[in-house]
Peer 1: 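The structure under discussion is supplied below as structure tokens; questions concerning it will follow.
These values consider heavy atoms only, across backbone and side chains, with no hydrogens, waters or symmetry-generated copies. The model shown is predicted, which means the values in this text are computed figures rather than measured ones.
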2 protein chains.
Amino acid sequence: MRRTRFDDAACPIARSLDQIGDWWSLLIVRDALDGARRFTEFQKRLGLAKNILSARLSKLVAHGILRLEPASDGSAYQEYVLTEKGESLRLVLMALRQWGEDFLFAPDDRPLPHVVKASGKPLGPLEITHPKPRKLGPRDVEVLKELDD
Amino acid sequence: MRRTRFDDAACPIARSLDQIGDWWSLLIVRDALDGARRFTEFQKRLGLAKNILSARLSKLVAHGILRLEPASDGSAYQEYVLTEKGESLRLVLMALRQWGEDFLFAPDDRPLPHVVKASGKPLGPLEITHPKPRKLGPRDVEVLKELDD
DNA sequence: CCGTATCCATTCCGATACTG
DNA sequence: CAGTATCGGAATGGATACGG
């Protein structure tokens, strides 16, 4: 596409999109946040072609969003784990999730709730803060896998 | 590319990306939030080809993120204004901005600060809330155009 | 199991020319 | 000013075949 690069743009949003603004990267990060670490695991979850998964993973590693690590089990392979930079995308994903929940689902087709781990209670909206104390960290929340009420 | 569609995915993030997950849409929304309304205005700010701007704007209108409105001045043309759905993307953009600010700028190349309109003070991080009261709305903040300290 | 390599279709992007 | 039309090139995406 010979896309214009945004990597040196003055705007942080443009720079961000340059690194993760394509169709698959954020979904890969989403699954990584959900515990996926192996190539085939990502492939199975996302259902995308292996060559493009390979390319995306490499790009994410190159940008320091994922990092390669020796497999946690005995296998000779490596695993893709999130760096701090990658972990921090959780907030972006949450914003995207809340927007989607609010505007992209019909009343009779609700998404799985996003809840606070400790309490199991659904999240409130993201809030903008003055430079003030924090409430809850991104790690404190999770998305329910199924409805078991 | 024959990309897989996410518009009926179970995951809100996937659905969101289906509507605004391309290279230009969020930047268009960014500029709309910043006051841009006219075709040429977007084109000038973004520096993208007119045909693709045209396609993106149409798509955003089709998705109910932008809406066409008779020009506010005398001209016979129309203007692109954000719907509530589009306005709500402000939070997503803020998350993206904060991530970019945190990880994509060198110490000697800081981005323009994002401040609270009323106080002029820089924003704190987005926070996750329990179902609790709100603090500051997305409309209360702005990005400085230049540094005049 | 974990990828890389190859092939082909699609579509995205940018530039330019053109209309009202 | 506000687009539409057309063009070529590049990157993306999916499928499959192949190798460690």
Peer 1: Could you tell me whether the phosphate oxygens of D:dC1, OP1 or OP2, come under 4.0 Å of any side-chain nitrogen or oxygen in B:R38?
Peer 2: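 Looking at the OP1 and OP2 atoms of D:dC1, neither is under 4.0 Å from any side-chain N or O of B:R38.
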
Peer 1: Can you figure out which of D:dG13, C:dG14, C:dC2 approaches the side chain of A:W23 most closely?
Peer 2: D:dG13

Peer 1: Between atom CG in A:L48 and atom P in D:dT16, what is the gap in whole Å?
Peer 2: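 That distance rounds to 15 Å.
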
Peer 1: Between B:R38 and B:S75, is there a side-chain donor-acceptor contact under 3.5 Å, judged purely by atom types and distance?
Peer 2: yes

Peer 1: If we only count heavy atoms from C-beta on, is the B:R90 to B:L82 side-chain gap below 4.5 Å?
Peer 2: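 Not touching, per the 4.5 Å side-chain cut-off.
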
Peer 1: Around B:E84, counting heavy atoms of other residues, nucleotides and ligands shown, do more than 12 lie under 6.0 Å from its CD?
Peer 2: no

Peer 1: Could B:R56 and B:D31 be called an ion pair, given the rule that one side-chain N must be under 4.0 Å from one carboxylate O?
Peer 2: no

Peer 1: Taking the minimum atom-to-atom distance to the side chain of A:K50, which one of D:dA2, D:dA17, C:dG14 wins?
Peer 2: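 The closest nucleotide is D:dA17.
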
Peer 1: Taking the side chain from A:E101 and the backbone from A:R110, do they hold a donor-acceptor pair closer than 3.5 Å?
Peer 2: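 Not a single qualifying donor-acceptor pair exists.
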
Peer 1: Measure from CZ on A:R37 to P on C:dC2 and round the result to the nearest Å.
Peer 2: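 Interatomic distance, CZ of A:R37 to P of C:dC2: 12 Å.
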
Peer 1: Would you tell me if any nitrogen or oxygen in the side chain of A:R56 comes within less than 4.0 Å of OP1 or OP2 on D:dG13?
Peer 2: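 Indeed, a polar side-chain atom of A:R56 lies that close.
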
Peer 1: Grab the two heavy atoms, one from B:D18 and one from A:W23, that are nearest each other, plus how far apart they are.
Peer 2: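 What the structure gives for the nearest pair is CA-CZ3, 4.0 Å.
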
Peer 1: Find the distance B:Q43:CD to D:dG3:C1' and express it as a whole number of Å.
Peer 2: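 Rounded to the whole Å, the gap is 10 Å.
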
Peer 1: Find the distance A:D22:CG to C:dC13:C1' and express it as a whole number of Å.
Peer 2: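 After rounding, the gap between these two atoms is 15 Å.
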
Peer 1: Provide, to the nearest angstrom, the distance between the CH2 atom belonging to B:W24 and the C1' atom belonging to C:dC13.
Peer 2: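 Computing the B:W24:CH2 to C:dC13:C1' distance gives 9 Å.
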
Peer 1: Classify B:Y80 by what it touches in the nucleic acid, base, sugar-phosphate, or nothing, heavy-atom distance under 4.0 Å.
Peer 2: sugar-phosphate

Peer 1: With respect to the phosphate group of C:dC13, does any side-chain polar atom (N or O) of A:T4 fall under 4.0 Å of OP1 or OP2?
Peer 2: no

Peer 1: Between C:dT6, C:dC1, D:dT4, which nucleotide gets closest to the side-chain atoms of A:N51?
Peer 2: C:dT6

Peer 1: To the nearest 0.5 angstrom, please state how far the CD atom of A:Q19 sits from the CG atom of A:L26.
Peer 2: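 Reported to 0.5 Å precision, the distance equals 11.5 Å.
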
Peer 1: For the side chain of A:T40, counting heavy atoms from C-beta on, which of D:dA2, D:dG13, C:dC1 is nearest?
Peer 2: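 Shortest atom-to-atom distance from the side chain points to C:dC1.
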
Peer 1: Nearest whole Å is fine: how far is C:dC13 P from A:L17 CG?
Peer 2: 12 Å

Peer 1: Here's a test of your reading of the structure: between B:Y77 and A:E41, which maps to the more 5' nucleotide of DNA chain C?
Peer 2: A:E41

Peer 1: Whole angstrom is fine here: how far is it from CZ in B:R5 over to C1' in D:dT12?
Peer 2: 14 Å

Peer 1: Please compare B:L68 and A:G47 by the position of their nearest nucleotide in DNA chain D and report the one closer to 5'.
Peer 2: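 By nearest-heavy-atom nucleotide position, the 5'-most residue is B:L68.
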
Peer 1: Using Watson-Crick and G-U wobble pairs whose two distances are both under 3.5 Å, how do you write the pairing of DNA chain C as dot-bracket, with | for links to another strand?
Peer 2: |.||||||||||||||||||

Peer 1: Rounded to whole angstrom units, what separation is found between the NZ atom of A:K59 and the P atom of D:dT12?
Peer 2: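 After rounding, the reported distance stands at 7 Å.
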
Peer 1: Can you check whether B:K50's main-chain N or O pairs, donor with acceptor, with B:S54's side chain at less than 3.5 Å?
Peer 2: no

